[in-house]
Each structure stands twice: as C-alpha cells, then as structure tokens.
Amino acid sequence: MSLPEDDSSYILKTKMEEDLIVLLGGRAAEELVLGDISTGASNDIERATDTARKMATKYGFVESLGPIVYGSSEHEVFLGRDFNNSRNYSETVATEIDREIRKLIDSAYEKCKNILVNHDDQLRLVAEYLIRKEKVDDKEFISLMTGEITMDDVLCMDENEPNKKEN
C-alpha cells in the first residue's frame, strides 16, 4: 500500500509526538536560557495541548485508553453556537484522559529540554542572534546550525542594524 504524499489527515503517531516536542521548544528554551518563562509560548502550548488531546481522544494513540473515540463532535451550527464537543464518557475516563494528556505533554517537554541541553551551544547561539536581530529566516538558521555563522560573528553584529526594532 502506498501512502499519500500530501494527506494532512494521515499523520503517524511518531510525527505527532515530534510535533509536541517542537511546539514546546520555545517554552523550554526560555526556561533554560532565561531561567524564567513568559506568555510568548502560549499559542504553542495551546496547540500542543490540542494535539495531545486528539492523540488521546480521537486517534487512539494512548494505550491505556485504547482505540476508542472519546467525545463526539456536533457539526451542526444552531442559534449562533459553533462546533461543540459533547462528552460521552464518565468522570473516571475524563480523569484518565487528563492524566494521559499530561503524560504526553510532560514527556515531550522533557525530551525537548534534553535536546536543547545536548545542543546548548547552538541554543545560545540562536538566542544571542535573536536578541540582536529579533528574527531569523530559514537560511540564517541553517547557517547558524552548520557553523557558517559563529558566536563571534553574532557578537560583532551592530545592534542598530535595520532588522532591529527601535524603541
């Protein structure tokens, strides 16, 4: 059987787990580099939580919950109400779902932090680059990761370059 090349409804569990790790990267980087966290990663956290919830309740990716869909979507819009999810499971199952979502998020967060700790030099290089330039495009990022742009290069950058916002 061949897999569709561009079917966004077909996603492997491993890919979704990797997506969780990526989504939690900003939060983990703040914690590691700044020793504090901000609201900056709130949308990523929301998306990670939504992904973990789907893994647990829609796709059957959590072994303890089994290959069962928990909750049902109401696709009918009535009197100004958008899509609602109705719960068709007990409080006990709801507690288990919450526990499994937390496990998925916690596991991804720890893996993310381990990756960042193991690549601390690159993390700090990108952080310093972002402090000076405020944004990085794909080519610049690749140059940072491959060593084409070094910390010495970044430290020599003029902080008043056009990409830097004026306060």
**Q.** Derivation of the salt bridge (charged side-chain N to carboxylate O under 4.0 Å, His left out) call for Asp44 and Arg47
**A.** CA-CA 5 Å; Asp44 292 338; Arg47 290 171 44 211; 3.4 Å; yes

List the atom of [X], the atom of [Y], and the distance in Å for their closest heavy-atom pair.
| X | Y | answer |
| --- | --- | --- |
| Cys112 | Ile21 | SG-O, 3.6 Å |
| Val62 | Ala56 | CG2-CA, 3.7 Å |
| Leu144 | Leu125 | O-CD2, 3.5 Å |

Gap separating the [atom1] atom of [X] from the [atom2] atom of [Y], nearest 0.5 angstrom:
| X | Y | atom1 | atom2 | result |
| --- | --- | --- | --- | --- |
| Asp106 | Leu20 | CG | CG | 11.0 Å |
| Ile11 | Lys54 | CD1 | NZ | 8.5 Å |
| Leu104 | Arg53 | CG | CZ | 11.0 Å |
| Glu128 | Ile131 | CD | CD1 | 4.5 Å |
| Leu23 | Met16 | CG | CE | 10.0 Å |
| Lys135 | Glu140 | NZ | CD | 9.0 Å |

Check: [X] side chain, [Y] main-chain N or O, donor-acceptor pair, under 3.5 Å:
| X | Y | answer |
| --- | --- | --- |
| Tyr129 | Ile149 | no |
| Ser107 | Lys103 | no |
| Ser90 | Val93 | yes |
| Asn118 | Asn114 | yes |
| Asn88 | Gly71 | yes |

Q: Answer with yes or no whether the side chains of Asp98 and Thr95 bring together a donor and an acceptor at under 3.5 Å.
A: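 No pair is found: no donor N or O on one side chain lies under 3.5 Å from an acceptor on the other.
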
Q. Applying the 4.5 Å side-chain criterion to the ILVMFWY set and letting contacts propagate, would Val22 and Leu116 be lumped into a single cluster?
A.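 Cluster IDs for Val22 and Leu116 differ.
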
Q: Take Met145 and Val126 through the test side-chain contact (heavy atoms from CB on, under 4.5 Å) and record every step on the way to the result.
A: CA-CA 8 Å; Met145 293 298 101; Val126 171; 3.3 Å; yes

Q. When Ile, Leu, Val, Met, Phe, Trp and Tyr are grouped by side-chain heavy atoms lying under 4.5 Å apart, directly or through other members, which residues fall in the same group as Val69?
A.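 Taking Ile, Leu, Val, Met, Phe, Trp and Tyr as members, Val69 stands alone, with no cluster partners.
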
Q.
Are Met55 and Glu100 packed together at the side-chain level, in the sense that at least one heavy-atom pair is separated by less than 4.5 angstrom?
A.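 Side-chain contact under 4.5 Å: no.
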
Q.
Just checking Gln122: does its CD atom have more than 12 heavy atoms from other residues, nucleotides or ligands closer to it than 6.0 angstrom?
A.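 Counting neighbours around CD of Gln122, more than 12 heavy atoms of other residues, nucleotides or ligands fall under 6.0 Å, so yes.
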
Result block: side-chain N/O donor-acceptor pairs under 3.5 angstrom for residues 27-36, not counting sequence neighbours:
{"unit_1": "Glu30", "atom_1": "OE1", "unit_2": "Ser38", "atom_2": "N", "d": "3.0"}
{"unit_1": "Glu30", "atom_1": "OE1", "unit_2": "Ser38", "atom_2": "OG", "d": "3.3"}
{"unit_1": "Glu30", "atom_1": "OE2", "unit_2": "Ser38", "atom_2": "OG", "d": "2.5"}
{"unit_1": "Glu31", "atom_1": "OE1", "unit_2": "Tyr109", "atom_2": "OH", "d": "2.4"}
{"unit_1": "Glu31", "atom_1": "OE2", "unit_2": "Lys113", "atom_2": "NZ", "d": "3.3"}

Q. Residues in ring pair (Phe, Tyr, Trp, His ring centres under 6.0 Å) with Tyr59, at least two apart?
A.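 Tyr59 satisfies ring pair (Phe, Tyr, Trp, His ring centres under 6.0 Å) with Phe61 only.
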
